Amino acid sequence: MREIRLRFPPSPTGYLHIGGARTALYNWLYAKKHGGKLILRIEDTDGDRSTKESIDGIIEGLEWLGIDFDEGPYFQTDFEADHVKAAQLLLDKGAAYKCFCTKEELDEKREAALATKGSLGYDRTCRHLTPEIVREKEAAGIPFVIRFKVPERTGMLGYDDEILGRIQSDYKEVDDFVIVRSNGKPLYLLCNVVDDIRDRISHIIRGQDHMTNTLKQVLLYEALEAPLPVFAHMPLTLDNKKAKISKRSHGEIVAVQFYRDNGFLPWALNNFLALLGWSAGNDQEFFTREELIAQFSLDRINKSSAIFNFKKDDPKFITDPKAIYINEHYLRTMEVEQLGELVRAELEAEGLWNDSYARDRKTWYLNTLDLIRDRFHTLKDFTSLGRAYFADDFVVDEKPLNKNVLKFEGLKEWLPELANRYEQLSDFTVEETERVARELAEELNIKPGVLINSMRTLATGQLAGPSMFDILVTIGQDKIVERLRNVHKYFA
RNA sequence: GUCCCCAUCGUCUAGUCAGGUCCAGGACAUCGCCCUUUCACGGCGACAACACCGGUUCGAAUCCGGUUGGGGACGCCA
């Protein structure tokens with residue numbers, strides 16, 4: 001039985017986007033599930049557009065997601081000799097030919113074809129050039145590309161797709177595609193196949209945008225006398241206007257890095273991406289790494305494309321609401337110790353980290369995270385919405401300030417009085433703080449909520465939060481007393 | 001334009017291959033109610049889809065044909 005080997009072959013012309021990440025993930029899942037190997041191959045044969053930054057970004061993105069590789073990264077340009085050799089072999093056996101048509105000629109023909117509603121393929125002008133003419137043109141120094149000679153057969157050219165079923169097309173529909181540029185550099189269609197053959201790739205899982213390439217590459221495998229891998233063409237990810245997701249037209253919101261920078265948990269993004277085009281067949285939507293590997297299968301991948309449902313500049317959702325939902329789920333259910341590590345990085349970045357959180361105050365630190373995480377959407381919320389738990393320089397939101405504080409003039413006296421009473425408490429507990437607050441409310445003949453909600457605002461800066469008395473105890477007696485006494489600052 | 005692929009709630013999807021248990025199930029989003037010191041979580045509920053037309057069949061979301069719609073490809077990019 002053939003070894004299971006898959007590859008993820010990004011071209012380093014930009015950052016890793018979610019479509020690419022999803023492709024990598026599906027390949028990774030399949031490899032893991034079947035005890036196969038996953039290979040990272042950087043397809044950098046487009047010298048003009050490939051960049052080092054892009055390579056680094058892609059590798060970083062994959063690392064962040066936790067998609068690891070068994071081999072690579074290999075660089076396609078390191079194997080140019082293989083590609084050239086293959087091209088020569090095809091030329092020698094008459095499976096390819098030299099084409100002397102100039103770019104300008106081809107552009108004209110293409111435009112003419114477009115105008116007369118014909119098909120846009122190459123008209124095979126140079127396919128039947130005699131050896132003499134070819135020699136003459138070469139001697140004259142006319143540049144040429146090498147084209148693959150699509151066999152003239154009557155049947156259908158096709159392959160069996162693991163997701164889509166039988167895909168086929170008439171041989172006549174397939175272009176004599178270019179495999180080597182006029183500068184001697186081989187092109188994607190050829191390089192890709194040569195590398196996949198050399199790397200003994202058994203399964204190719206890629207986007208449906210490659211379907212027509214696959215038809216051509218099937219011909220290449222045949223001409224190169226190599227066994228055909230299994231093909232599986234995944235549905236594409238579209239935007240909410242149903243256009244293919246691309247780095248160019250969608251910007252950072254489709255970049256994996258965007259999710260890292262906006263406080264997403266790597267596994268949450270993987271989980272979301274896995275569900276974009278695949279389902280377990282039941283109602284399960286949260287998967288551990290092991291569960292996903294165990295349950296993943298090609299035949300449960302959808303045929304139709306999926307919409308990545310984000311809206312630019314949506315005030316409520318920075319990205320697809322379901323992605324956020326999944327992130328929230330993991331945020332509040334993951335091991336708090338593990339969460340502590342992730343939040344630590346956020347606090348450190350904001351200069352809010354205190355080493356005691358890892359030592360004598362560790363219990364306090366983890367309990368605090370556990371207390372506040374239920375209301376948060378991303379890791380970023382711990383240092384923004386949750387800043388008051390770790391620092392004194394938090395901002396008091398205007399909305400709760402108006403609603404819960406400024407609306408009640410009396411708070412100018414009430415809160416300092418409450419602060420005095422809290423200062424006297426020898427055991428600053430949930431029960432005691434609540435008893436004292438309610439007592440004071442009764443004495444003043446006001447609703448407890450007035451005190452409670454104004455305290456929340458002054459103590460955390462936020463409109464919403466955990467149970468107030470949990471907050472008091474968590475933030476601590478001294479700070480609470482101070483924050484309550486500061487109430488006068490807001491009645492300017 | 002040509003070729004290829006696809007078609008279930010706004011979105012992700014189950015159900016389609018092996019037609020009846022589906023006047024279509026779940027999740028997100030939205031709205032309402034409950035819980036409550038706030039908000040969230042949670043619970044309960046509402047809204048909401050088989051693109052259309054034919055055919056096959058006792059019976060079709062499921063099979064077949066067509067139409068329409070959507071996407072992709074058509075590079076000396078990958």
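Just so we're clear, the structure is a prediction, and the values are computed from it rather than from any experiment. A, B, ... follow the sequence lines: proteins, then strands. Residue 1 opens every chain.
- Rounded to whole Å, the separation between the P atoms of A49(B) and U11(B) comes to 12 Å.
- Both tests do not hold together for Arg373(A) against Phe382(A): distance to the six-membered ring centre under 6.0 Å, angle to the ring axis within 45°.
- Both distances falling under 3.5 Å, in either a Watson-Crick or a G-U wobble arrangement, occur for no nucleotide opposite G19(B).
- Per the geometry, CZ belonging to Phe310(A) stands 17 Å off C1' belonging to C28(B), to the nearest Å.
- Phosphate proximity of G42(B) to Arg332(A): present, with a side-chain N or O under 4.0 Å from OP1 or OP2.
- Rounded to whole Å, the distance from CG on Asp161(A) to C1' on C17(B) is 15 Å.
- Contacts of Gln168(A) with the nucleic acid, taken as non-hydrogen atoms under 4.0 Å apart, involve only primed sugar atoms and P, OP1 or OP2.
- Between the CZ atom of Arg181(A) and the P atom of G75(B) there is a distance of 15 Å, given to the nearest Å.
- C47(B) and C6(B) have their C1' atoms separated by 28 Å, given to the nearest Å.
- Mapping Thr13(A) and Arg375(A) onto RNA chain B by nearest heavy atom places Arg375(A) closer to the 5' end of the strand.
- Contact annotation: Lys311(A) side-chain N/O to G10(B) OP1/OP2 distance is not under 4.0 Å.
- Which of G71(B), C12(B), U2(B) sits closest to the side chain of Leu238(A) comes down to G71(B).
- Rounded to whole Å, the P atom of U21(B) lies 13 Å from the corresponding atom of U62(B).
- The CD atom of Gln208(A) sits 11 Å away from the P atom of G72(B) (whole-angstrom rounding).
- Put simply, Tyr325(A) has a side-chain N or O that comes within less than 4.0 Å of OP1 or OP2 on C28(B).
- No donor-acceptor distance shorter than 3.5 angstrom exists from the side chain of Asp199(A) to the backbone of Ile201(A), with no hydrogens or angles considered.
- For Lys244(A) and A73(B), the shortest distance from a side-chain N or O to OP1 or OP2 is below 4.0 Å.
- Within 4.0 Å of Ile324(A), counting heavy atoms only, lies no atom of the nucleic acid at all.
- If you check every strand for non-hydrogen atoms under 4.0 Å, Asp170(A) touches nothing.
- Contact annotation for Ser169(A): backbone-only contact, meaning every heavy-atom pair under 4.0 Å involves sugar-phosphate atoms and none involves a base.
- Ion pairing between a basic and an acidic side chain is recognised when a charged N comes within 4.0 Å of a carboxylate O; Glu173(A) and Lys216(A) show no such pairing.
- Judged by distance alone, the side chain of Arg7(A) and the main-chain N or O of Ile39(A) form no donor-acceptor pair under 3.5 Å.
- An OP1 or OP2 oxygen of A78(B) is reached within less than 4.0 angstrom by no side-chain nitrogen or oxygen of Arg41(A).
- Residue Pro321(A) is in sugar-phosphate contact alone, with no base atom involved, counting any heavy-atom pair closer than 4.0 Å across all strands shown.
- You'll find that the side chain of Met468(A) is closest to U37(B), out of U37(B), C5(B), G75(B).
- Contacts of Pro466(A) with the nucleic acid, taken as non-hydrogen atoms under 4.0 Å apart, include base atoms.
- Comparing A24(B) with A48(B), their C1' atoms sit 12 Å apart, to the nearest whole Å.
- For the P atoms, the distance linking G42(B) with G54(B) amounts to 46 Å, nearest Å.
- For the P atoms, the distance linking A7(B) with C64(B) amounts to 12 Å, nearest Å.
- Ring centroids of Tyr325(A) and Tyr330(A) are separated by 6.0 Å or more, keeping the two rings apart.
- Within the structure, a side-chain polar atom (N or O) of Arg300(A) is placed less than 4.0 Å from OP1 or OP2 of A14(B).
- Using a 4.0 Å heavy-atom cutoff across all strands shown, Gly277(A) reaches sugar-phosphate atoms only and no base atom.
- Pair assignment for U38(B) gives none, since no Watson-Crick or G-U wobble pairing has each distance under 3.5 Å.
- For the pair Thr212(A) and C4(B), the criterion of a side-chain N or O lying under 4.0 Å from OP1 or OP2 is not met.
- Among the heavy atoms of the strands lying under 4.0 Å from His210(A) is at least one base atom, whether or not backbone atoms are also near.
- In this entry the distance linking CE of Met211(A) with P of G71(B) reads 15 Å, nearest Å.
- With a 3.5 Å ceiling on both atom-pair distances, the Watson-Crick or G-U wobble partner of C74(B) is G1(B).
- Contact annotation for Leu463(A): base contact, defined as any heavy-atom pair under 4.0 Å involving a base atom.
- Between the C1' atoms of A61(B) and G72(B), the separation comes to 26 Å (whole Å).
- Counting any heavy atom pair closer than 4.0 Å across all strands shown, Val145(A) reaches a base atom.
- Note: CG (Asp299(A)) to C1' (A14(B)) measures 15 Å, nearest angstrom.
- Look at NZ on Lys322(A): it is 12 Å from C1' on C9(B), rounded to the nearest Å.
- For A14(B), one of the phosphate oxygens OP1 or OP2 lies less than 4.0 angstrom from a side-chain nitrogen or oxygen of Asn302(A).
- In this model, a side-chain donor or acceptor of Ser182(A) finds a partner on the base of C76(B) within 3.5 Å.
- As the counterpart of C52(B), G66(B) is assigned, both hydrogen-bonding distances of the Watson-Crick or G-U wobble pattern falling under 3.5 Å.
- Side-chain contact between Glu443(A) and Trp414(A) is absent, with no heavy atoms from C-beta onward closer than 4.5 Å.
- Counting non-hydrogen atoms under 4.0 angstrom, Gly281(A) reaches the backbone sugars and phosphates but no base.
- In this model, the phosphate group of U36(B) is not approached by any side-chain N or O of Ser467(A) to a distance below 4.0 Å at OP1 or OP2.
- The nearest whole Å value for the distance from the CG atom in Asp175(A) to the P atom in A73(B) is 15 Å.
- Less than 6.0 angstrom separates the ring centroid of Phe287(A) from the ring centroid of Trp278(A).
- If you check A27(B) for Watson-Crick or wobble pairing at under 3.5 angstrom, you find it paired to U11(B).
- A gap of 14 Å separates the P atoms of C3(B) and G66(B), to the nearest Å.
- Taking only side-chain nitrogens and oxygens, Arg373(A) never comes nearer than 4.0 Å to OP1 or OP2 of C41(B).
- Distance alone, capped at 3.5 Å, places no donor-acceptor pair between the Asn302(A) side chain and the Ser304(A) backbone.
- Remark: the Asn213(A) side chain and the A78(B) base include a donor-acceptor N/O pair separated by less than 3.5 Å.
- Figure legend: cation-pi geometry between Arg332(A) and Phe376(A) absent, as NZ or CZ is not positioned both under 6.0 Å from the six-membered ring centre and within 45° of its axis.
- Around NZ of Lys185(A), the count of heavy atoms belonging to other residues, nucleotides or ligands within 6.0 Å does not exceed 12.
- Base pairing of G32(B) is made with C44(B), judged by Watson-Crick or G-U wobble geometry with both donor-acceptor distances under 3.5 Å.
- Residue Phe469(A) is in base contact, counting any heavy-atom pair closer than 4.0 Å across all strands shown.
- Put simply, Arg456(A) has no side-chain N or O that comes within less than 4.0 Å of OP1 or OP2 on C39(B).
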